[in-house]
Amino acid sequence: MGLRSTNRATDPLGLDPTREIIHSSLYRSLRTNLPRQIMSFLDYPFSKKEDGDPRSFPGHEEVLRYLEDFARDFQLLELIQFEKEVIRVEPLDGSSQNWIVEWKNREIPSGDKSETEEELFDAVVVCNGHNTEPKIAQFPGINVWPGQQIHSHNDRTPEPFQNQIVVIIGKGTSAIDILKNISPLAREVHQAVRGVDFGLKKQENYDNVWQHPMIECAHEDGKVVFQAGSSVYADAIIHCTGYKYHFPFLKTNGRVMVDDNRVGPLYKHVFPPSLAPGLSFIGIPILTIPPLLMELQAKWVAKVLSGKLKLPTEEEMMYPVQGFYQHLEQCWMVQAPYSSASAG
């Protein structure tokens with residue numbers, strides 16, 4: 001369950017592997033971008049409460065309340081070990097039938113293994129999400145540019161950008177939300193996006209927002225130059241550039257890998273063929289209706305692990321995976337001429 005953290009990240013870009021990991025990506029004004037009617041579990045409606053947020057697109061506090069109610073009503077809290085950090089998941093003797101899970105209390109310093117515990121399980125379902133490890137745009141001068149840089153994962157409130165000139169990289173939902181939040185306070189906001197065929201463009205409905213192509217480079221004097229030649233001396237850059245899939249605890253000897261931010265091989269985006277059914281993943285696909293996707297995936301995994309459903313053979317599972325990879329490669333060959341090397 002996610003709760004908005006007001007902690008300031010020690011590493012605003014999320015690049016330092018020794019940083020304190022803040023899992024929440026919730027800024028103060030965040031609302032859902034899906035109506036509550038399609039965010040609920042199939043047998044547990046996300047109903048409006050008299051003392052709650054009545055909007056169809058409610059704030060994050062209302063979502064947290066719904067999840068807490070669900071966990072309480074189905075007696076799930078006693079099945080959850082809170083404040084435990086999983087540091088290793090590994091098949092015993094290379095088999096997919098038995099899994100070692102090692103964890104430690106979160107208050108123990110990173111790297112200290114004196115207080116770890118481990119247990120043997122028949123199966124492991126990985127449900128750690130994919131909105132924790134930031135992906136950063138890359139451009140010449142990023143390391144010498146003197147202003148503040150932050151990933152949207154670590155954005156909480158708009159007040160720090162009061163009277164500043166801000167560059168926002170990206171055009172997804174986070175970029176749009178943050179632009180809307182900071183534009184009343186910032187002096188200027190400049191949005192850098194991929195795949196546009198224009199130069200500088202004033203944003204409609206805003207007096208102080210402009211849109212540009214992606215960043216070409218940044219300089220030590222604070223100048224940010226865009227690909228169309230326009231430039232601005234900025235105070236801050238906000239990277240609204242997405243996330244990386246990240247499983248630092250998972251030890252499979254290369255049988256499951258993250259290659260170019262693609263997790264695989266996974267049959268139907270859930271089961272790795274060589275380790276199924278002992279290992280499975282929930283919630284990997286993006287651009288979906290996440291609550292419904294994850295509920296249906298979880299029900300499938302539960303039926304497989306309980307013996308009610310049987311998976312195909314490893315060879316049969318690999319066949320559609322290879323077909324999917326070929327499809328992705330064909331799509332990339334078509335889109336590559338129009339793509340930028342920078343993240344957007």
Side-chain angles (χ1 to χ4, degrees), residues 4-16 19 22 24-31 33 60 131 134-196 198-243 340-344:
R4 185 177 72 88
S5 171
T6 57
N7 295 340
R8 284 317 235 170
T10 55
D11 175 19
L13 281 179
L15 299 178
D16 182 0
R19 72 191 187 281
I22 298 177
S24 167
S25 296
L26 307 182
Y27 36 90
R28 184 176 64 192
S29 63
L30 182 65
R31 293 172 58 184
N33 61 351
H60 57 82
N131 291 332
K135 184 167 60 175
I136 303 301
Q138 296 298 322
F139 47 84
I142 185 173
N143 295 320
V144 299
W145 186 77
Q148 179 192 16
Q149 295 191 64
I150 183 174
H151 190 274
S152 58
H153 174 68
N154 293 311
D155 175 68
R156 294 295 180 266
T157 62
E159 284 78 12
F161 304 103
Q162 176 82 40
N163 203 36
Q164 291 192 355
I165 298 176
V166 181
V167 175
I168 294 177
I169 305 176
K171 58 180 179 180
T173 52
S174 294
I176 294 170
D177 278 355
I178 292 173
L179 185 153
K180 185 186 301 183
N181 289 340
I182 71 172
S183 59
L185 300 177
R187 190 190 319 168
E188 296 178 7
V189 180
H190 298 264
Q191 183 184 19
V193 301
R194 292 190 300 176
V196 297
F198 55 80
L200 177 65
K201 185 177 79 170
K202 185 76 177 290
Q203 283 277 59
E204 296 181 4
N205 303 319
Y206 293 96
D207 294 328
N208 62 337
V209 178
W210 291 265
Q211 192 174 84
H212 306 253
M214 266 303 297
I215 294 175
E216 178 73 27
C217 61
H219 297 280
E220 292 184 62
D221 61 358
K223 179 188 281 189
V224 177
V225 181
F226 302 95
Q227 289 176 351
S230 56
S231 63
V232 62
Y233 287 91
D235 300 295
I237 295 175
I238 305 176
H239 295 249
C240 301
T241 43
Y243 297 87
S340 167
S342 303

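None of these values were measured; they are calculated from a predicted model. Note that the numbering runs from 1 along the sequence shown for the chain.
Looking at Asn208, its side chain does come within 3.5 Å of a backbone N or O of Ala186 through a donor-acceptor pair. A donor-acceptor contact shorter than 3.5 Å is absent between the side chain of Asn163 and the backbone of Arg187. Side-chain atoms of Ser152 never come within 3.5 Å of backbone atoms of Ser174 as a donor-acceptor pair (strictly under, hydrogens ignored).
Nearest heavy atom pair, residue Lys171 against residue Ile176, reads O-CD1, 3.8 Å. Shortest non-hydrogen contact noted between Arg28 and Thr157 is NH1-CG2, 3.7 Å. Taking both residues in full, the closest heavy atoms of Pro12 and Asn154 are given as O-ND2, 2.7 Å, listed atom of the first, atom of the second, then distance.
The line from CD1 of Ile168 to CZ of Phe161 is 8.0 Å long, rounded to the nearest 0.5 Å. For the atom pair CD1 (Ile237) and CD1 (Ile142), the distance works out to 7.0 Å, reported to the nearest 0.5 Å. The NE2 atom of His153 sits 9.5 Å away from the CG atom of Leu26 when rounded to the nearest 0.5 Å. Residue Cys240 holds its SG atom at 7.5 Å from CG of Asp155, rounded to the nearest 0.5 Å. Going from atom OG of Ser25 over to atom CZ of Arg156 covers 7.0 Å, rounded to the nearest 0.5 Å.
Side chains of Tyr27 and Asn181: no donor on one and acceptor on the other come within 3.5 Å.
Every side chain to side chain donor-acceptor pair (under 3.5 Å) that Gln203 has, sequence neighbours left out, goes to Gln191. Contacts of Gln164 classified as side chain to side chain donor-acceptor pair (under 3.5 Å), with partners at least two apart in sequence or in another chain: none.
A side-chain contact (heavy atoms from CB on, under 4.5 Å) with Val166 is found for exactly one of Ile182, Ile178, Ile150, namely Ile182.
Listed by first and then second residue, the ring pair (Phe, Tyr, Trp, His ring centres under 6.0 Å) pairs that reach into residues 199-229 are His190-Trp210, His190-His212, His212-Phe226, sequence neighbours excluded.
By the neighbour-count criterion of 12 heavy atoms within 6.0 Å, atom CD of Glu159 is densely surrounded, having more than that number from other residues, nucleotides or ligands. A 6.0 Å sphere centred on CG of Asp221 holds more than 12 heavy atoms belonging to other residues, nucleotides or ligands.
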*Go through the steps for Val224 and Trp145 under the test side chain to side chain contact (heavy atoms under 4.5 Å, CB included), then give the verdict.*
CA-CA 8 Å; Val224 177; Trp145 186 77; 3.5 Å; yes
*What's the verdict on side chain to side chain contact (heavy atoms under 4.5 Å, CB included) for Ile169 and Met214, showing C-alpha distance, side-chain angles and the deciding distance?*
CA-CA 8 Å; Ile169 305 176; Met214 266 303 297; 3.8 Å; yes
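No side-chain heavy atom of Tyr243 sits less than 4.5 Å from a side-chain heavy atom of Lys135.
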